[in-house]
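The next block holds one structure in the form of structure tokens; read it before the comments.
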Amino acid sequence: SPVFGSLMDITKEVWDKTLDINVKAPALMTKAVVPEMEKRGGGSVVIVASIAAFSPSPGLSPYSVSKTALLGLTKTLAIELAPRNIRVNCLAPGLIKTSFSRMLCKDKEKEERMKEILQIRR
């Protein structure tokens with residue numbers, strides 16, 4: 001996600017970049033590999049969303065929206081690809097400490113609130 005801030009401050013360029021990377025790329029990648037999976041008699045697609053698809057975080061609006069879109073992409077692809085013997089599943093991991101998530105864990109109090117929201121102890 002190229003930005004952290006209010007939804008009202010998000011530019012068209014940020015929306016385009018976020019949706020291109022987080023939604024369009026998995027859709028086009030799946031489209032590219034389906035013919036090979038069909039040749040092999042089926043396969044499995046695993047899409048990685050985020051807990052943000054279910055519990056959006058303030059300041060991460062485009063990211064949260066894009067991860068929610070992946071849930072819809074997963075459901076649609078699952079229906080379309082089932083007759084081709086291709087399974088489609090989606091993972092939605094919780095908060096993982098990375099440079100991207102550092103804004104959410106900037107201080108101990110925020111980190112503890114996030115743990116409470118996500119109902120995790122670590």
Side-chain angles (χ1 to χ4, degrees):
S1 184
V3 70
F4 185 87
S6 167
L7 182 63
M8 297 299 111
D9 296 331
I10 306 303
T11 65
K12 178 189 178 305
E13 292 75 23
V14 168
W15 276 110
D16 288 345
K17 182 176 181 178
T18 303
L19 295 174
D20 282 353
I21 292 169
N22 290 352
V23 183
K24 229 161 87 174
L28 295 174
M29 181 64 75
T30 301
K31 180 180 176 181
V33 299
V34 162
E36 188 61 32
M37 288 182 176
E38 287 181 303
K39 285 181 198 171
R40 296 171 183 261
S44 180
V45 174
V46 179
I47 293 173
V48 181
S50 166
I51 192 71
F54 301 99
S55 298
S57 296
L60 296 176
S61 300
Y63 177 80
S64 298
V65 169
S66 71
K67 295 302 183 171
T68 303
L70 288 176
L71 301 178
L73 178 63
T74 300
K75 291 175 183 181
T76 301
L77 287 172
I79 292 167
E80 287 188 16
L81 298 180
R84 300 176 188 195
N85 198 31
I86 299 172
R87 291 184 320 276
V88 183
N89 294 292
C90 186
L91 301 175
L95 185 62
I96 299 168
K97 286 187 178 182
T98 64
S99 59
F100 170 67
S101 67
R102 74 178 174 271
M103 296 301 275
L104 300 174
C105 300
K106 231 178 183 176
D107 61 51
K108 199 67 175 162
E109 185 180 317
K110 262 188 182 177
E111 185 176 349
E112 291 305 315
R113 262 198 323 267
M114 189 60 66
K115 288 179 187 176
E116 189 176 318
I117 290 167
L118 297 176
Q119 300 179 10
I120 57 176
R121 303 268 185 252
R122 52 185 174 79

Selection residues 50-63 - residue pairs positive for salt bridge (Lys or Arg N to Asp or Glu O under 4.0 Å), sequence neighbours left out: none
Transitive ILVMFWY cluster of L71, excluding itself - 4.5 Å side-chain cut-off: F54
Please determine whether residues [X] and [Y] belong to a single hydrophobic cluster, defined as Ile, Leu, Val, Met, Phe, Trp and Tyr linked transitively by side-chain heavy-atom distances below 4.5 Å.
X: V33; Y: L77; answer: yes
X: V48; Y: I51; answer: no
X: V23; Y: V88; answer: no
X: L73; Y: L19; answer: no
X: V45; Y: L70; answer: yes

Residues that S61 engages under side-chain hydrogen bond (donor to acceptor under 3.5 Å, both in side chains), provided they are two or more places apart: none
Partner set under side-chain hydrogen bond (donor to acceptor under 3.5 Å, both in side chains) for D20, not counting sequence neighbours: K24
Which side chain to side chain donor-acceptor pair (under 3.5 Å) pairs, counting each pair once, include a residue from residues 85-95, with sequence neighbours left out? S44-R87
What pairs meet the side chain to side chain donor-acceptor pair (under 3.5 Å) rule with one or both residues in residues 26-37, with sequence neighbours excluded? E36-R40
According to side-chain contact (heavy atoms from CB on, under 4.5 Å), who are the partners of P56, at least two apart in sequence or on a separate chain? S64
Nearest heavy atoms of [X] and [Y], plus distance in Å:
X: T68; Y: A53; value: OG1-O, 3.1 Å
X: G43; Y: M37; value: CA-SD, 4.1 Å
X: A32; Y: P35; value: O-CD, 3.5 Å

At what distance, to the nearest 0.5 angstrom, does CD1 of I10 lie from CG of D16? 12.5 Å
In Å and rounded to the nearest 0.5 Å, what is the CG to CD1 distance from N22 to I47? 12.0 Å
Residue list, salt bridge (charged side-chain N to carboxylate O under 4.0 Å, His left out) with K75, at least two apart or on another chain: none
Check salt bridge (charged side-chain N to carboxylate O under 4.0 Å, His left out) between E80 and all other residues, then give those that pass, not counting sequence neighbours. none
Sub-3.5 Å donor-acceptor pair from the side chain of T18 to the main-chain atoms of W15, do we have one? no
